Amino acid sequence: METVVGWHLDLEFREIDTKTEAAVLLRLQDGTELRAHGRANKHPDDPSQPRVGEEIAAARALNDLARQLLAKAGVEIEEVTHLKAHLAM
């Protein structure tokens, strides 16, 4: 038997001068909403490449989100096993 599950994720960017900020919102089926953020800073001597700033900021926001998901999973494991979970990325 195969089970298919989907998550809805929103990723938005904001650019202010030489800074790009990414904000991600993940809605899980249990009602949990996780929010994460990432930033990228363009060096003044670098050429303007907004897409690159978005990619860096998004990667950092998604990394933040991944850490939050691991922490949430660790808590859920510990609630069932009553043992300390050791999840690594």
Side-chain angles (χ1 to χ4, degrees):
M1 179 176 184
E2 180 179 338
T3 302
V4 178
V5 176
W7 291 353
H8 182 77
L9 183 136
D10 290 314
L11 182 59
E12 296 180 350
F13 299 99
R14 185 169 74 173
E15 296 185 24
I16 305 167
D17 298 321
T18 60
K19 297 178 182 11
T20 302
E21 297 177 349
V24 63
L25 168 64
L26 174 63
R27 291 183 180 95
L28 300 175
Q29 289 181 324
D30 67 2
T32 302
E33 289 187 353
L34 298 177
R35 297 173 189 275
H37 298 88
R39 290 189 185 91
N41 298 306
K42 183 181 98 46
H43 188 278
D45 295 338
D46 289 343
S48 179
Q49 292 182 288
R51 190 190 75 233
V52 172
E54 290 170 358
E55 291 169 350
I56 294 168
R60 291 176 175 158
L62 292 170
N63 186 50
D64 180 17
L65 179 64
R67 293 182 187 284
Q68 290 181 45
L69 282 167
L70 280 176
K72 181 180 183 311
V75 168
E76 292 171 354
I77 289 168
E78 291 170 1
E79 287 174 351
V80 171
T81 65
H82 306 289
L83 299 171
K84 179 76 176 155
H86 300 281
L87 302 177
M89 192 144 77

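Remember, it's a predicted structure, so these values are computed and weren't measured experimentally.
The NE2 atom of H86 lies 8.0 Å from the CD atom of E78; values are rounded to the nearest 0.5 Å. The structure places OG1 of T32 at 7.0 Å from CD of E76, a figure rounded to the nearest 0.5 Å. From T20, atom OG1 reaches atom CD of E55 across 10.5 Å, with rounding to the nearest 0.5 Å. Interatomic distance, CG of L69 versus CG of L26, reported as 6.0 Å (0.5 Å rounding). Once rounded to the nearest 0.5 Å, the distance linking CD1 of I56 with NZ of K42 reads 11.5 Å. Considering CG of L65 and NE2 of H37, their distance stands at 11.0 Å, rounded to 0.5 Å.
Of all the heavy atoms in Q68 and A36, the pair that sits closest is NE2-CB, 3.7 Å. Looking at every heavy atom in both residues, A22 comes nearest to A58 through CB-N, 3.8 Å. Residues A85 and I77 come closest through the heavy atom pair CB-CG2, 4.0 Å. The two residues A40 and G53 have their closest heavy-atom pair at CB-O, 3.5 Å.
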| Going through the distances and angles, do M89 and N63 end up as a side-chain contact (heavy atoms from CB on, under 4.5 Å)? | CA-CA 10 Å; M89 192 144 77; N63 186 50; 3.1 Å; yes
| request: Test V24 against D64 for side-chain contact (heavy atoms from CB on, under 4.5 Å), laying out the working first. | output: CA-CA 9 Å; V24 63; D64 180 17; over 6 Å; no
| message | Does E15 form a side-chain contact (heavy atoms from CB on, under 4.5 Å) with E54? I'd like the steps, not just the answer. | response | CA-CA 9 Å; E15 296 185 24; E54 290 170 358; 3.1 Å; yes
| Going through the distances and angles, do D46 and V52 end up as a side-chain contact (heavy atoms from CB on, under 4.5 Å)? | CA-CA 11 Å; D46 289 343; V52 172; over 6 Å; no
| message | Run E12 and R14 through salt bridge (charged side-chain N to carboxylate O under 4.0 Å, His left out) and show every step you take. | response | CA-CA 7 Å; E12 296 180 350; R14 185 169 74 173; over 6 Å; no
| task | Evaluate salt bridge (charged side-chain N to carboxylate O under 4.0 Å, His left out) for D10 paired with R27, printing each intermediate quantity in order. | result | CA-CA 9 Å; D10 290 314; R27 291 183 180 95; 3.1 Å; yes
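For the pair L34 and W7, the minimum side-chain heavy-atom distance is 4.5 Å or more.
When the side chains of ILVMFWY residues are joined at heavy-atom separations under 4.5 Å, either directly or via intervening members, L28 and L11 end up in a single hydrophobic cluster.
A salt bridge is defined here as a Lys NZ or Arg NE, NH1 or NH2 lying under 4.0 Å from an Asp or Glu carboxylate O, and K19 with E21 fails to meet this definition.
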